[in-house]
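Numbered from 1 within each chain, the chains take letters A, B, ... in sequence-line order.
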Protein chains: 2
Amino acid sequence: MNSKERTITIADVAERAGVSKSTVSQYLNERYEYMGEQTKERVAAAIQDMGYRPNIVARSLKQKKSTTIGVIVANISHEFSTQIVKSIEDYCNAADFHIIVCNAEDDPAKEKKYIDMLRAKQIEGIIVFPTSTNIELYKELTLEDYPLVFIDRNVPEVDVSSIMLDNKRAAALAVEEFVNHDYSRIGILTNSTVNNVTTRIERVDGFREALHSHGLEVNEDYIKSVELNYIQDELSKMMHLSVPPDAILAGNDLVLAEILKYTKQYNLKIPDDLAVIGIDDVSFASIYNPELTTIAQPTSKMGMDAAKLLLNRIKGISENGQKHYRYEPTLMRRSSCKARRQIL
Amino acid sequence: MNSKERTITIADVAERAGVSKSTVSQYLNERYEYMGEQTKERVAAAIQDMGYRPNIVARSLKQKKSTTIGVIVANISHEFSTQIVKSIEDYCNAADFHIIVCNAEDDPAKEKKYIDMLRAKQIEGIIVFPTSTNIELYKELTLEDYPLVFIDRNVPEVDVSSIMLDNKRAAALAVEEFVNHDYSRIGILTNSTVNNVTTRIERVDGFREALHSHGLEVNEDYIKSVELNYIQDELSKMMHLSVPPDAILAGNDLVLAEILKYTKQYNLKIPDDLAVIGIDDVSFASIYNPELTTIAQPTSKMGMDAAKLLLNRIKGISENGQKHYRYEPTLMRRSSCKARRQIL
DNA sequence: TTGTATGCGTTATCAC
DNA sequence: GTGATAACGCATACAA
């Protein structure tokens with residue numbers, strides 16, 4: 001019943017059942033086609049009796065399959081990352097795949113180390129929030145036809161399928177919402193990782209374009225990308241400009257938090273003193289005072305689709321040509337961007 | 001340089017370097033002691049040239065070690081879980097271990113499935129937020145001396161090391177804070193999972209005891225454990241009592257969010273109409289209006305320690321007798337529990 | 001110091 | 001229908 005002494009193998013089961021290893025293996029793999037009914041029963045009984053548990057590592061070695069994929073997140077502290085991981089996990093669980101989660105902390109070296117380890121472990125594919133620095137590594141993987149999917153960000157130099165938000169549209173949605181509520185001095189704050197993250201760039205580009213298309217001037221003083229720790233400083237500078245912004249777009253959840261810390265500390269009223277919209281629909285958006293208008297990403301779908309894309313690729317199911325999937329952001333209209341007239 | 005054709009093995013490297021497989025293996029395992037300097041170089045060169053990458057699966061099979069542990073979280077939606085996972089990951093990464101994250105969603109069946117799969121994969125140990133229903137399974141694992149660590153919750157029936165918050169103390173801290181600010185009609189809301197979760201029970205017990213020790217009466221109408229979806233209903237009932245509570249303790253982050261939704265919807269002022277303290281120091285605590293007083297868990301330390309405990313156990317380093325570690329909660333005094341006099 | 005032989009637990013390919 | 005046997009890639013005694 002319990003195998004405290006020695007790990008019991010297929011051979012043990014075979015002996016006990018009075019059949020050969022092959023037969024047991026057949027049974028385990030449900031190839032009962034040409035198997036005698038009583039043999040089947042005997043094997044089943046032996047397995048039961050001895051408490052046999054297959055060794056997947058041995059199987060992996062033989063089959064060169066680990067039924068495991070890796071997920072390398074750029075920064076696990078983003079709510080967005082967690083949500084993505086959760087939905088990838090859901091999908092994989094249903095497909096009897098496991099996931100190994102790695103937190104690269106936006107560090108290309110760490111990312112590389114993880115990728116190497118994952119490959120050494122015969123992990124069958126990787127979903128990664130890529131840092132843009134490991135281009136050569138990605139190229140190598142692509143050359144070797146290693147299943148890879150980018151999520152949240154992209155690396156244009158490499159030909160890898162990607163799952164991304166339509167970032168320009170996200171910025172445009174926010175700008176439009178600001179404009180519709182009569183804000184005109186609109187700024188954007190994003191955190192610049194050292195790496196050349198496409199997502200941030202697209203959001204800023206989309207922001208500029210949206211301003212243009214609404215006939216607004218782009219004020220460079222209102223556009224800043226700095227590390228998280230400096231967000232408050234930059235915002236402070238903006239607010240002390242002779243003409244400060246009256247609305248600000250937060251590039252992601254963490255930036256939003258920094259902005260809110262600032263407004264709180266200096267007692268700025270949202271949206272009266274400063275309207276705010278954040279990209280990423282943070283968990284506290286609807287319970288915050290005031291409720292926070294945000295741009296939501298379809299995280300659940302994005303995670304699922306990334307997993308599906310990767311698993312299909314692994315299983316050799318052809319992906320139909322297209323490579324770069326874009327997801328539609330959704331404006332969650334709440335109260336941090338409201339017409340001031342209503343309020344005053 | 002690239003091995004598109006065939007996976008290249010130690011044998012290939014050996015041949016290329018003109019040495020034997022053993023020598024290469026020695027090299028890989030850094031046992032250079034009795035190895036000629038030039039042999040070393042030749043091997044290194046061959047590895048480099050051929051782009052050899054060790055196959056950890058094969059190594060695992062041979063050594064019966066996977067350098068991987070599993071982490072089964074009860075519910076990945078709790079910020080607490082994410083933080084714990086993050087710190088486990090940190091520790092393991094430093095120790096060159098990998099983690100496989102599984103989300104049991106408080107479902108014992110799912111938990112069991114995961115445990116089985118992890119064991120089949122020769123995962124060397126598991127850190128789990130246990131559902132209290134799989135007692136037999138835990139007992140079995142214990143019997144087989146399988147490395148296991150419980151975190152956040154405990155299962156008294158089983159003899160497994162555990163890492164837990166001092167939950168009674170957490171509740172007591174909250175009650176004390178309420179009392180110190182002249183609240184006396186104090187309630188507690190926790191979510192009851194179907195399973196018999198020790199954590200919730202301890203928090204409620206601690207709550208009662210603290211009330212007693214402050215000479216306060218325990219009003220059962222103020223103590224409710226229900227599923228998350230019903231938290232608002234229960235709170236509503238409480239607030240419509242002829243004598244409603246004036247302070248409420250939230251059993252965890254998700255419950256807190258429900259409470260805040262309610263107070264927001266019905267325009268209750270915190271802390272004037274209702275003082276609130278939450279167990280778990282949520283990310284938005286210090287940016288919320290008002291700032292939220294919380295009881296923080298030392299998540300980072302707890303995660304680290306859980307990982308350390310498990311890894312030591314795996315490495316055969318004796319743990320010194322003690323089994324159940326309790327961690328001290330910290331009161332994060334902010335503004336959702338303040339003397340009303342000050343405010344009025 | 002280096003080479004040889006063998007086993008880890010499973011699956012696959014054939015025979016029988 | 002079932003069984004022997006050779007891989008899978010690596011590590012490890014032990015021999016040389």
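- Direction change of the helix axis from one end of the helix from C:dT1-D:dA16 to C:dC16-D:dG1 to the other is 40°, with five pairs defining each end axis (rounded to 10°).
- Minimum atom distance to the side chain of B:Ser25 is reached by D:dA11, of the listed C:dT4, C:dT10, D:dA11.
- Distance, B:Gln26 CD to C:dT4 P: 14 Å, rounded to whole Å.
- Residue A:Gln122 contributes atom CD, which lies 15 Å from atom C1' of C:dT10 at whole-angstrom precision.
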Which protein N or O atoms sit under 3.5 Å from an N or O of nucleotides 5-8 of chain D?
| from | atom 1 | to | atom 2 | distance (Å) |
| --- | --- | --- | --- | --- |
| D:dA7 | N3 | A:Lys62 | NZ | 2.9 |

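- Residue A:Ser60 is classed as having no contact, given no heavy-atom separation below 4.0 Å to the nucleic acid.
- For the pair B:Lys301 and B:Tyr327, the cation-pi test (distance below 6.0 Å, angle within 45°) is failed.
- Ion pairing between B:Lys21 and B:Asp12 fails under the 4.0 Å rule for side-chain N and carboxylate O.
- When the P atom of D:dG1 is taken as reference, atom NZ of A:Lys40 falls 12 Å away, rounded to whole Å.
- Computed from coordinates, the A:Met50 CE to C:dG9 P distance equals 13 Å when rounded to whole Å.
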TODO: Give the intermediate values and the outcome of ring-ring contact (aromatic ring centres under 6.0 Å, His included) for residues B:Phe150 and B:Phe129.
DONE: CA-CA 6 Å; B:Phe150 287 155; B:Phe129 295 61; over 10 Å; no
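- Atom NE2 in B:His98 sits 10.0 Å away from atom SG in B:Cys92 (nearest 0.5 Å).
- Between A:Thr23 and the phosphate of D:dG3, there is a side-chain N or O to OP1/OP2 separation shorter than 4.0 Å.
- Taking atom NZ of residue A:Lys65 and atom P of nucleotide C:dT10, one finds them 18 Å apart after rounding to whole Å.
- Judged purely by atom type and a 3.5 angstrom limit, B:Asn93 has no side-chain atom pairing as donor or acceptor with the backbone of B:Glu89.
- Within the 3.5 Å criterion, the main-chain N or O of A:Asn75 finds a donor-acceptor partner in the side chain of A:Ser81.
- Distance, B:Glu15 CD to C:dG3 C1': 15 Å, rounded to whole Å.
- At the heavy-atom level, A:Val19 lies under 4.0 Å from the strands shown only through sugar-phosphate atoms.
- Between A:Tyr52 and C:dT10 there is a side-chain polar atom (N or O) within less than 4.0 angstrom of OP1 or OP2.
- Shortest non-hydrogen contact noted between A:Ser60 and A:Ser66 is OG-CA, 3.6 Å.
- By the side chain to side chain contact (heavy atoms under 4.5 Å, CB included) test, B:Met164 pairs with B:Asn154, B:Ser162, B:Asn167, B:Thr198, B:Thr199, B:Glu202, B:Arg326, sequence neighbours left out.
- The number of heavy atoms from other shown groups lying within 6.0 Å of NZ (B:Lys40) is above 12.
- Regarding A:Glu41, its CD atom lies at a distance of 16 Å from the C1' atom of D:dG1, rounded to whole Å.
- In this structure, CG of B:Asp12 is placed 9 Å from P of D:dC10, rounded to the nearest angstrom.
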Open item on the list: What verdict does the side chain to side chain contact (heavy atoms under 4.5 Å, CB included) test give for A:Ile8 and A:Val13, after you've listed the backbone C-alpha separation in whole Å, the side-chain angles of each residue and the deciding distance to 0.1 Å?
Closed with: CA-CA 8 Å; A:Ile8 82 136; A:Val13 176; 4.2 Å; yes
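- In this structure, of D:dA11, C:dT2, C:dT11, it is D:dA11 that holds the atom nearest to the side chain of B:Leu28.
- Among the protein residues, B:Tyr27 comes within range of no part of the nucleic acid, since none of its heavy atoms lies under 4.0 Å from any strand.
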